[in-house]
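Structure record follows, encoded as structure tokens.
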Amino acid sequence: MAIDWSGAKGTRHRGIAIGLCEAGTQAPRLVTAPGGIWSRRAVADWLAQTAAQDPTLFGFDFSFAPPFVARGSYLPGEAVPQDGPGFWAYVDAICDDDDLGAASLLERHHRRHFYFGKADGAKAAYMHNRACEVHYNAGGGGKPSTVYDAIGAAQVAKASFAGMRLLHHLRPAVPIWPFDPLPGDGSLIVEIYTSIAARAGGRPKGRSKMRDLATLNAALMALDCAPHDGAMPDDHGADALVTAAWMRRASTDTRLWSPAAMSDEIARTEGWTFGIF
């Protein structure tokens with residue numbers, strides 16, 4: 001199951017889309033939100049309930065932690081926890097933003113660590129990446145955005161720190177890989193890049209978006225799925241459908257669960273994106 005999280009805007013999140021792909025070869029489908037629009041809180045409540053009912057692999061497309069290994073801290077010079085789950089709890093504790101938001105962390109609590117524009121100096125000074133992102137880029141995958149870049153339509157900072165609050169609330173009920181070990185059974189949460197799924201579905205690098213049914217269905221068929229039966233969804237919905245289809249197939253690839261470049265320290269502090277090996 002893939003949750004396209006990064007399109008969230010405002011206090012109600014029209015950009016959130018959830019794609020469900022069950023066993024077999026049938027096409028994935030979008031999960032309808034209560035009231036028609038997913039809030040972050042509604043996603044948390046729905047996921048906890050769903051995870052308890054059926055063993056499910058859930059994927060979220062936000063960064064599960066800031067970079068740590070290369071700099072020795074998430075926020076150098078600040079007294080913050082030194083592991084992923086501890087940091088999620090810290091973010092949740094200092095942010096009182098509505099609906100699991102975390103804009104206050106960037107804009108007030110730790111403003112000096114984030115790039116909001118030219119007044120902050122050279123942008124390059126903020127472009128720190130996690131080990132899995134460096135590994136992905138070195139392998140030709142492309143350079144993902146950093147959570148310290150808080151400006152522009154493509155920034156992932158606010159969505160990622162909001163997602164860390166979500167993880168804090170969900171972890172008592174659902175393990176989160178690789179911060180938690182793989183469970184013998186039951187549900188699990190992983191971090192995903194929708195672009196990895198799109199590439200696996202035949203989309204060329206830099207052109208992952210699918211805006212017509214023919215393109216969407218070609219990607220689904222490349223991932224061993226039946227074509228989408230319905231109207232063409234928006235970008236977020238299409239990403240969720242294709243990523244859910246890819247997750248169904250990729251979950252059996254043992255390489256993805258034991259990436260050689262992921263050390264115990266990386267797993268504990270930064271995590272890893274499922275699909276990078």
Side-chain angles (χ1 to χ4, degrees), residues 5-6 57-78 80-91 102 105-106 110 113-115 123-150 154-168 171 175-182 188-200 205 208 243 246-247 250-251 253-277:
W5 178 264
S6 60
L57 179 64
F58 300 93
F60 283 94
D61 67 336
F62 60 79
S63 295
F64 281 13
F68 181 93
V69 174
R71 306 172 75 206
S73 177
Y74 299 118
L75 302 170
E78 310 278 4
V80 298
Q82 304 294 295
D83 65 277
F87 188 73
W88 305 335
Y90 172 78
V91 174
L105 182 142
L106 289 73
H110 294 290
H113 294 277
F114 299 93
Y115 182 81
K123 186 174 182 177
Y126 296 82
M127 299 296 103
H128 309 291
N129 292 106
R130 295 181 298 160
C132 68
E133 295 162 350
V134 173
H135 186 72
Y136 181 63
N137 186 38
K143 189 173 184 178
S145 300
T146 173
V147 296
Y148 299 115
D149 182 3
Q155 63 90 12
V156 299
K158 292 179 181 178
S160 291
F161 285 99
M164 293 175 210
R165 293 190 66 189
L166 176 94
L167 296 178
H168 172 66
R171 187 170 182 249
I176 300 166
W177 182 84
F179 303 93
D180 298 310
L182 289 174
L188 181 68
I189 295 172
V190 299
E191 178 184 332
I192 54 173
Y193 288 157
T194 57
S195 60
I196 291 178
R199 293 277 293 278
K205 183 177 179 181
S208 63
T243 306
W246 169 76
M247 288 177 66
S251 63
D253 188 341
T254 57
R255 298 173 303 168
L256 305 186
W257 297 111
S258 301
M262 184 181 72
S263 66
D264 290 343
E265 181 188 20
I266 291 170
R268 177 180 60 84
T269 58
E270 297 188 347
W272 197 266
T273 305
F274 179 68
I276 296 176
F277 63 94

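Starting from 1, each residue takes its place in the sequence as its number.
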Point to revise | Nearest-0.5 Å distance, CG of residue Leu166 to CZ of residue Phe62 | key: 5.5 Å

Exercise for review: Rounded to the nearest 0.5 Å, what's the gap from CH2 on Trp246 to CZ on Phe274? Could you check?
Suggested key: 5.0 Å

Revision key, fill the gap. With sequence neighbours left out, the residues meeting ring-ring contact (aromatic ring centres under 6.0 Å, His included) with Tyr90 are His110

Review point. For Pro67, which residues count as a side chain to side chain contact (heavy atoms under 4.5 Å, CB included) partner, sequence neighbours excluded?
Key: His128, Arg130, Val147, Tyr148, Glu270

Check your understanding: Ignoring hydrogens and geometry, is there a side-chain-to-backbone donor-acceptor pair from Asp61 to Ile192 under 3.5 Å?
Key -> no

Exercise for review: For residues Phe64 and Met164, report the shortest heavy-atom separation together with the two atoms involved.
Suggested key: O-CG, 3.7 Å

Review point. Which pairs, with at least one residue in residues 253-267 and sequence neighbours excluded, count as a side chain to side chain donor-acceptor pair (under 3.5 Å)?
Key: Asp253-Arg255

Practice item. Under the side chain to side chain contact (heavy atoms under 4.5 Å, CB included) rule, collect the residues that match up with Ala267, sequence neighbours excluded. Key: Pro178, Met262

Review point. For the atom pair CH2 (Trp177) and CG (Leu182), what is the distance rounded to the nearest 0.5 Å?
Key: 7.0 Å

Check your understanding: What pairs with Arg268 under side chain to side chain donor-acceptor pair (under 3.5 Å), at least two apart in sequence or on another chain?
Key -> none

Check your understanding: When rounded to the nearest 0.5 angstrom, what distance separates CD1 in Ile176 from CH2 in Trp88?
Key -> 4.0 Å

Check your understanding: In Å and rounded to the nearest 0.5 Å, what is the OH to CE distance from Tyr115 to Met127?
Key -> 8.0 Å

Check your understanding: Heavy atoms, side chains only, cut-off 4.5 Å: are Tyr193 and Glu133 in contact?
Key -> yes

Check your understanding: Quick one: are the ring centres of Phe179 and Phe87 less than 6.0 Å apart?
Key -> no

Point to revise | Nearest heavy-atom neighbours spanning Ala162 and Ala102 | key: N-CB, 3.6 Å

**Study point:** Heavy-atom pair with the smallest gap, counting every atom of Gly142 and Pro144
**Key:** O-CD, 3.2 Å

Review point. Which heavy atom of Leu106 sits nearest a heavy atom of Ala150, and at what distance?
Key: CD2-CB, 3.8 Å

Point to revise | CG-CD1 distance between Asn137 and Ile276, expressed to the nearest 0.5 angstrom | key: 10.0 Å

Point to revise | Results of side chain to side chain donor-acceptor pair (under 3.5 Å) for Thr273 - residues two or more places apart only | key: Glu191

Point to revise | Over all atoms of both residues, closest heavy-atom pair of Gln155 and Asp149 | key: CB-O, 3.3 Å

